[in-house]
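Input: a single structure, listed below in structure tokens.
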Amino acid sequence: MEYLKVSILLLLGVVFSISSCKDDEETCIETVWYEDADDDGLGNPDVSQFSCEQPDGYVTDNSDTNDAGGSGTPLSAFDDFNPEAVTFSFDGNEVTIESNGLPNHTSPYWEDTHPLHIEQVVGDHLTPGRINSGSFTVTLPLDPQLATSSSATGLGAIGISVTGAPIFNDEEGPNRPLDEATALGFDYAGGHNGPSGYHYHIESSDVPENTILSFDDEQLVGIMADGFLIYGRKCNAIGDHPADLDESGGHTSSTQHSDGEEFYHYHIINEFYINSYILLFGGDLQGTPNTIF
Ligand SMILES: [Zn+2]
Ligand SMILES: [Zn+2]
């Protein structure tokens, strides 16, 4: 027993002498750190300090041109996208998003032989064509800003959903708004096939087959062409339908991704469009639109 005590004391002595020795010899190499006030991982080139260790709220990057302008897109939101379809390439203050457009849910629009093919559970017809891989690419700011004037959306992809399939607006052709007959061709996911491939127009249906898509909840739905995220009808900040949305469904609040930080994002607006259908996005983009190729 006595031998053990002595051994421990000896061991402690060795540890102390090693650490004090290390303290004496450690050389501190100071590097420059830039303030990241909006916590987007990008630092403010105008506010910096030198230190050996990374100070709280400081980063090595110095490319944030708008560090004080509120939080940018919370990066954890990108984890909610279907990794089989969507890839992200980060470059400074921008992200390039590429999708093959292939959703990770069942649909009658898959080829009959595809594992995700199911019989139609809502609607009364299918539009021509089946789900095929496509290519959707867009480069978006990680700190998108509200524009001085809003922009109407056009035909084609106006956003990329978390499943990988593109989000379309409330039109089915030039000056041809969605109607009941068109809506009866949507699958439970709110999508159908068109000349440019499979895409969504409306919120998904509350059917047992629907296991992953947002239905009257606060799930992330996707990201729009102006770089702002779009969530389901409810907001995580209040756990209910927000009452302070602008005409595009946007407002500034925290979400499940933002760790309490407030940032501008859209919601699916909680109102019927035609009969029982709820549009994903029928308003103007409130930021600066980028082209989805
Ligand atoms: Zn369509
Ligand atoms: Zn919200």
Side-chain angles (χ1 to χ4, degrees), residues 70-71 73-74 76-77 80 101 103 107-109 122-123 125-132 134 136 144 146 153-161 165-204 214 216-224 228-270 273-274 277-283 286-287 292:
S71 315
T73 306
S76 65
D80 286 12
S107 170
Y109 282 101
V122 299
H125 72 277
L126 295 177
T127 52
R130 295 300 172 95
I131 296 174
N132 264 305
F136 302 92
L146 292 169
T153 58
L155 295 172
I158 62 166
I160 294 176
S161 84
I167 296 170
F168 278 37
N169 66 8
D170 55 349
E171 287 187 316
E172 194 46 25
N175 299 313
R176 194 154 72 80
L178 295 176
D179 55 17
E180 175 80 25
T182 307
L184 286 169
F186 295 141
D187 61 8
Y188 75 73
H192 69 168
N193 224 68
S196 55
Y198 180 80
H199 56 268
Y200 304 118
H201 288 279
I202 62 168
E203 190 193 49
S204 67
S214 172
D216 197 18
D217 60 23
E218 58 190 49
Q219 278 195 69
L220 185 66
V221 170
I223 190 164
M224 303 305 296
F228 291 120
L229 298 173
I230 178 169
Y231 288 86
R233 281 190 262 159
K234 291 178 179 169
C235 188
N236 174 267
I238 56 167
D240 203 347
H241 305 129
D244 59 345
L245 300 180
D246 61 27
E247 59 194 14
S248 302
H251 73 160
T252 299
S253 79
S254 62
T255 72
Q256 61 268 40
H257 299 108
S258 69
D259 198 22
E261 295 286 325
E262 299 200 329
F263 68 105
Y264 184 87
H265 54 271
Y266 299 115
H267 285 276
I268 297 174
I269 296 177
N270 185 40
Y273 172 64
I274 30 173
Y277 303 107
I278 290 182
L279 275 178
L280 288 182
F281 193 89
Q286 296 296 328
I292 302 177

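All residue numbers refer to positions in the sequence shown, counting from 1. Order of listing sets the numbers, starting from 1, for every ligand and every atom in it.
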_Is the distance between the ring centroids of H192 and H201 under 6.0 Å?_
yes
*Taking the six-membered ring for Trp, is the centroid-to-centroid distance between Y198 and Y200 below 6.0 Å?*
yes
_With a 6.0 Å cut-off on the ring centroids, do H265 and F228 count as close?_
no
*Which distance, rounded to the nearest 0.5 Å, do you find between the CG of N236 and the CD of E218?*
4.5 Å
*Listed protein N/O/S atoms, distance to the Zn ion (ligand 1) under 2.8 Å*: E172 OE1, H192 NE2, H199 NE2, H201 NE2
*Would you say the side chain of L229 lies within less than 4.5 Å of the side chain of I223, judging by non-hydrogen atoms?*
yes
*Under the salt bridge (Lys or Arg N to Asp or Glu O under 4.0 Å) rule, collect the residues that match up with R176, sequence neighbours excluded.*
none
*Decide yes or no for I131 and S107: does some side-chain heavy atom of the first lie under 4.5 Å from some side-chain heavy atom of the second?*
yes
*Could you name all protein N, O or S atoms found under 2.8 Å from the Zn ion (ligand 2)?*
C235 SG, H251 NE2, H265 NE2, H267 NE2
*Listed partners of D216 passing salt bridge (Lys or Arg N to Asp or Glu O under 4.0 Å), at least two apart*: R233
*In this structure, which one of I268, I230, N169, I269 forms a side-chain contact (heavy atoms from CB on, under 4.5 Å) with F281?*
I230
